[in-house]
Amino acid sequence: MMSEKTIIPLLNKEETEPQGNQSACTSCGSGGCCGGFGIKAGSEKDVVFRNIFLYTAMGVIMFTVAYLITRIMAWISG
């Protein structure tokens with residue numbers, strides 16, 4: 001019988017990459033990622049809604065411009 005306690009070694013969550021290897025998201029090296037599309041966990045509602053509106057507007061503008069460019073190219077080629 002084992003009368004003593006079993007000790008399970010745990011891994012420490014420390015930064016294993018060298019400091020010179022920075023990723024695109026600067027806060028990822030400090031333990032957490034900055035979040036998708038600049039929306040961070042704990043952001044205020046108005047910040048989240050503003051970001052979602054901006055990204056939606058940019059998407060609509062990009063699709064509209066791409067559609068117009070294809071229509072102009074089709075019109076020019078005859």
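Everything quoted here is computed from the prediction, not taken from an experiment.
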(message) The criterion is side-chain contact (heavy atoms from CB on, under 4.5 Å); which residues satisfy it with Thr64, sequence neighbours excluded?
(response)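 Testing Thr64 for side-chain contact (heavy atoms from CB on, under 4.5 Å), a comparison that skips the adjacent residues, returns Val60, Leu68.
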(request) Under the side-chain contact (heavy atoms from CB on, under 4.5 Å) rule, collect the residues that match up with Ile72, sequence neighbours excluded. (result)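 So Ile72 forms a side-chain contact (heavy atoms from CB on, under 4.5 Å) with Ile76.
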(message) Are more than 12 heavy atoms, taken from residues, nucleotides or ligands other than Met73, located less than 6.0 Å from that residue's CE atom?
(response) no
(request) Could you walk me through whether Val48 and Glu44 pass side-chain contact (heavy atoms from CB on, under 4.5 Å), step by step? (result) CA-CA 6 Å; Val48 173; Glu44 296 293 326; over 6 Å; no
